[in-house]
2 protein chains.
Amino acid sequence: MANEDLTQIFDTIEYPEAYRITYLANAIVFPAYSAIKKDFGLVRAEYILLACLSHFDALTAQDVARISRRPRNTISRAVHRMLDDGYLDRAPDPDDGRQARLRITASGRDLHFRISEYLRRRQDEVLGTLSKEERATLSALMKKAALNAAQLDE
Amino acid sequence: MANEDLTQIFDTIEYPEAYRITYLANAIVFPAYSAIKKDFGLVRAEYILLACLSHFDALTAQDVARISRRPRNTISRAVHRMLDDGYLDRAPDPDDGRQARLRITASGRDLHFRISEYLRRRQDEVLGTLSKEERATLSALMKKAALNAAQLDE
DNA sequence: CTTTTATTGTTCCATTTGGAACAATATGCG
DNA sequence: CGCATATTGTTCCAAATGGAACAATAAAAG
């Protein structure tokens, strides 16, 4: 094929919005993810964990699983590795013996900051063709849909 | 935590658009993906293959890898399984001994049609809060960004 | 209080995944 | 032409992944 247009599928696919969303997600995340893995040795669940804990004071592993839509065992493993590496702290919840409250450490926060750069940079590349107004519109509409999605499965 | 707002991260994250895009992608794809795996026994690379071949006349495995941003070996495996199951045909390219041209069969097309329903339905649920105009705007802006992304890495 | 039922975090295990190396073919360049 | 380099599809292998079962704890029901 080669000289046929590989992007025609954006219009012909049966689920155009879903396709474009996942395409954009892949376009942003895959390159950033590879670089993060290569430069920091982190797998996806690990930096998701960092991102969550950077933005909430204390979370249980279950919270993180819910926020990120990943299975609990994946998060559990990430927690252990990050604990070993000193990127987070864990304290048993005094009110509920089943759960433990996770907090990010200073070095975890620092690591997350460095990792965010990769994602932010790639995001800006991919969205670079949009005007300021277009980008703001896109962002607002995505937030509206994302809030709806969050509510859908609670 | 539990009664804190789990969605505040939409605004506080360092890469808001990237976060919202991947959140939406996950919100749409994960539930649909689980159902497709459960009901049809297909892994992601397999229905991506079907989707690609449903919308192009003939593709090489490499083309599919490029379109879908997946590693070649993942596609290669999917091709073998789909060949065994009769969902696609393969013919060596007469002009290039390295590559083979893949085409979807009637039963493959039928399978893809049934699978699309899952994605389309979930897409419509997630985007259900948007008005017709908002959805059209979102769709157009995503297409613009996606076309840019496609061009970025060629 | 006792008995079910639900939730949390973990381990087990089979499957999926993707990087790296590979053989086969093609292309570029002297 | 002959040799280096690139590309395609594949296999190998180590790692990541996620469903299922589990023990510990909590909540609900009787």
Side-chain angles (χ1 to χ4, degrees), chain A residues 1-3 26 29-49 52-53 58-84 88-102 154, chain B residues 1-3 26 29-49 52-53 58-84 88-102 154:
Chain A
M1 90 157 297
N3 35 19
N26 290 346
V29 166
F30 282 9
Y33 174 59
S34 298
I36 289 167
K37 199 172 185 180
K38 185 166 161 291
D39 294 352
F40 301 98
L42 295 187
V43 303
R44 200 183 294 210
E46 287 163 355
Y47 69 73
I48 285 172
L49 187 53
C52 288
L53 291 175
L59 292 175
T60 67
Q62 182 75 295
D63 291 329
V64 178
R66 268 197 274 268
I67 294 172
S68 63
R69 293 171 183 274
R70 308 252 155 212
R72 293 193 304 286
N73 55 3
T74 302
I75 304 298
S76 174
R77 270 184 298 248
V79 167
H80 287 293
R81 270 178 290 201
M82 301 310 258
L83 277 173
D84 289 347
L88 55 87
D89 280 332
R90 180 168 56 174
D93 186 325
D95 299 334
D96 187 334
R98 294 168 301 180
Q99 50 192 24
R101 327 203 117 242
L102 307 169
E154 67 177 22
Chain B
M1 90 159 292
N3 33 19
N26 290 346
V29 166
F30 282 9
Y33 174 58
S34 298
I36 289 167
K37 197 172 187 181
K38 184 166 162 290
D39 294 352
F40 301 99
L42 294 188
V43 303
R44 200 183 294 211
E46 287 164 354
Y47 70 72
I48 284 172
L49 187 54
C52 289
L53 292 175
L59 292 174
T60 67
Q62 182 74 295
D63 291 329
V64 178
R66 268 197 274 266
I67 293 172
S68 63
R69 292 172 183 274
R70 307 254 155 211
R72 293 194 303 284
N73 56 3
T74 304
I75 304 298
S76 174
R77 271 183 297 248
V79 166
H80 287 294
R81 270 177 289 201
M82 301 310 256
L83 276 173
D84 289 347
L88 55 86
D89 280 333
R90 180 167 57 172
D93 186 322
D95 299 333
D96 188 334
R98 294 169 303 180
Q99 50 192 21
R101 327 202 118 242
L102 307 169
E154 67 176 22

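Below, chains carry the letters A, B, ... as their sequence lines are ordered, and counting in each starts from 1. Quick caveat: nothing in here was measured; it's all calculated off a predicted structure.
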For atom [atom1] of [X] and atom [atom2] of [N], their distance in whole Å:
X: A:R69; N: D:dG18; atom1: CZ; atom2: C1'; value: 16 Å
X: B:L88; N: D:dG9; atom1: CG; atom2: P; value: 13 Å
X: A:L83; N: C:dT10; atom1: CG; atom2: P; value: 9 Å
X: A:R70; N: D:dT17; atom1: CZ; atom2: P; value: 7 Å
X: A:D63; N: C:dT8; atom1: CG; atom2: P; value: 8 Å
X: B:R101; N: D:dG9; atom1: CZ; atom2: P; value: 10 Å
X: A:D93; N: D:dA27; atom1: CG; atom2: C1'; value: 15 Å
X: B:K37; N: C:dT15; atom1: NZ; atom2: P; value: 11 Å

Can you spot which of B:I75, B:L49, B:T74 makes a side-chain contact (heavy atoms from CB on, under 4.5 Å) with B:S68?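 For B:S68, the side-chain contact (heavy atoms from CB on, under 4.5 Å) test succeeds with only one of B:I75, B:L49, B:T74, which is B:I75.
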In the structure I gave you, are the side-chain heavy atoms of [X] and [Y] within less than 4.5 Å of one another anywhere?
X: A:R44; Y: A:V29; result: yes
X: A:H80; Y: A:R90; result: yes
X: B:L59; Y: B:I67; result: yes

Can you tell me how far [atom2] of [Y] sits from [atom1] of [X], rounded to the nearest 0.5 angstrom?
X: B:E46; Y: B:I36; atom1: CD; atom2: CD1; answer: 11.5 Å
X: A:L102; Y: A:D89; atom1: CG; atom2: CG; answer: 9.5 Å
X: B:R81; Y: B:L42; atom1: CZ; atom2: CG; answer: 9.0 Å
X: A:R70; Y: B:F30; atom1: CZ; atom2: CZ; answer: 4.0 Å
X: B:R69; Y: B:I48; atom1: CZ; atom2: CD1; answer: 12.0 Å

Does a side-chain N or O of [X] approach OP1 or OP2 of [N] to a distance below 4.0 Å, or not?
X: B:T74; N: C:dG18; value: yes
X: A:R90; N: C:dT8; value: no
X: A:R77; N: C:dC12; value: no
X: B:S76; N: D:dG9; value: no

Side-chain donor/acceptor of B:D63 to backbone N/O of B:T60, under 3.5 Å: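 Such a contact is found between B:D63 side chain and B:T60 backbone.
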Which of residues 41-48 of chain A sit near DNA chain C, with a heavy atom under 4.0 Å from it?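 Correct list: empty, so none.
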Residue pair B:R72 / B:Q62: nearest heavy atoms and the distance that separates them: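 Looking at all heavy atoms of both residues, the shortest contact is CD-OE1, 3.1 Å.
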Closer to the 5' end of DNA chain C via nearest nucleotide, is it A:Y33 or A:A100?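 Nearest nucleotide further toward 5': that of A:A100.
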Five-pair end axes of the helix from C:dC1-D:dG30 to C:dG30-D:dC1, angle between them (10°):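 Computed from the C1' atoms at both ends, the axes differ by 30°.
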Are any protein N/O atoms closer than 3.5 Å to N/O atoms in nucleotides 20-25 of chain D? If there are, list each pair with its distance.
unit_1 : atom_1 : unit_2 : atom_2 : d
D:dT25 : O3'    : A:G97  : N      : 3.2

